[in-house]
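Report on the structure given below.
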Amino acid sequence: MRAEALKGHLDGLLLAALEAGPLHGYAVKEALRESTEGRIDLPTGTVYPALHRLERAGLISGSWSVVGGRRRRSYALTPAGHVALGGERAGWREFASAVTAALKVSSWPATS
């Protein structure tokens, strides 16, 4: 999938990846890749800045842990994040409906 097709939808995708429970940053990326059967495989350079932005906005909270001697940050949805995810889903349904309507095959003759 082209990266430009995701513009405006990244926050919703990341929030949805965290809906099932806390994940560390790389696991968020992998959860999104797996849930889309590999069609969305974001670079870490896109995921981490977005996670930091969502944390600053209060939509997710982060906490540090040590696993195998390495520190890693895990993220979880906040109550505001759950609300935002609902809004993202509603916005997506509206957007998808409008695009579907616009892309329907028309009965008008093709122009030459």
Side-chain angles (χ1 to χ4, degrees):
M1 180 170 288
R2 294 187 322 244
E4 59 268 11
L6 299 176
K7 287 185 180 176
H9 304 290
L10 179 60
D11 290 359
L13 292 168
L14 296 176
L15 293 172
L18 289 166
E19 186 175 30
L23 295 170
H24 61 84
Y26 187 78
V28 171
K29 171 188 165 8
E30 287 301 299
L32 183 56
R33 188 183 60 75
E34 289 174 16
S35 71
T36 62
E37 299 175 346
R39 290 175 286 198
I40 298 177
D41 190 8
L42 299 172
T44 56
T46 297
V47 173
Y48 285 101
L51 289 172
H52 297 156
R53 184 173 35 75
L54 291 170
E55 186 175 19
R56 284 191 307 273
L59 301 180
I60 62 175
S61 61
S63 60
W64 287 102
S65 62
V66 177
V67 177
R70 294 180 53 186
R71 285 176 34 123
R72 68 175 162 189
R73 190 149 179 88
S74 292
Y75 299 92
L77 287 181
T78 63
H82 283 283
V83 171
L85 178 55
E88 291 285 341
R89 285 184 170 137
W92 172 256
R93 285 189 295 273
E94 183 178 332
F95 175 76
S97 175
V99 171
T100 298
L103 294 178
K104 281 186 180 174
V105 176
S106 151
S107 60
W108 292 8
T111 58
S112 36

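Any value given below was found using the heavy atoms of this structure, including those in side chains, with hydrogens, waters and symmetry copies removed.
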Smallest separation among heavy atoms of [X] and [Y], with atom names:
X	Y	answer
Tyr75	Leu18	O-CD2, 3.3 Å
Gly12	Leu85	O-CD1, 3.8 Å
Ala31	Leu23	CB-CD1, 4.0 Å
Lys29	Leu42	NZ-O, 2.9 Å
Ile60	Leu15	CG2-CD2, 3.8 Å
Gly58	Ala80	O-CB, 3.8 Å

Is [Y] close to [X] at the side-chain level, that is, under 4.5 Å between some pair of heavy atoms?
X	Y	answer
Arg33	Ile40	no
Tyr48	Arg73	no
Arg72	Ser65	yes

Practice prompt. For the residue pair His9 and Trp92, categorise the inter-ring angle as parallel (less than 30°), tilted (30 to 60°) or perpendicular (more than 60°).
Written response: perpendicular
Item to complete: Take the angle between the ring planes of His24 and Tyr26 and call it parallel below 30°, perpendicular above 60°, tilted in between.
Response: parallel
Item to complete: Report yes or no: do Leu59 and Leu6 belong to one cluster of Ile/Leu/Val/Met/Phe/Trp/Tyr joined by side chain heavy-atom distances under 4.5 Å?
Response: yes
Fill in: Any donor-acceptor N/O pair, Arg39 side chain to Thr36 backbone, under 3.5 Å
yes
Worksheet item: Counting only N and O atoms by type, is there a donor-acceptor contact under 3.5 Å from the side chain of Ser74 to the main-chain atoms of Ser63?
Response: no
Practice prompt. Measure the spacing between OG of Ser61 and CG of Leu54 and express it to the nearest 0.5 Å.
Written response: 11.5 Å
Practice prompt. Verify salt bridge (charged side-chain N to carboxylate O under 4.0 Å, His left out) between Glu19 and Arg89, making sure each step is shown before the conclusion.
Written response: CA-CA 12 Å; Glu19 186 175 30; Arg89 285 184 170 137; 2.7 Å; yes
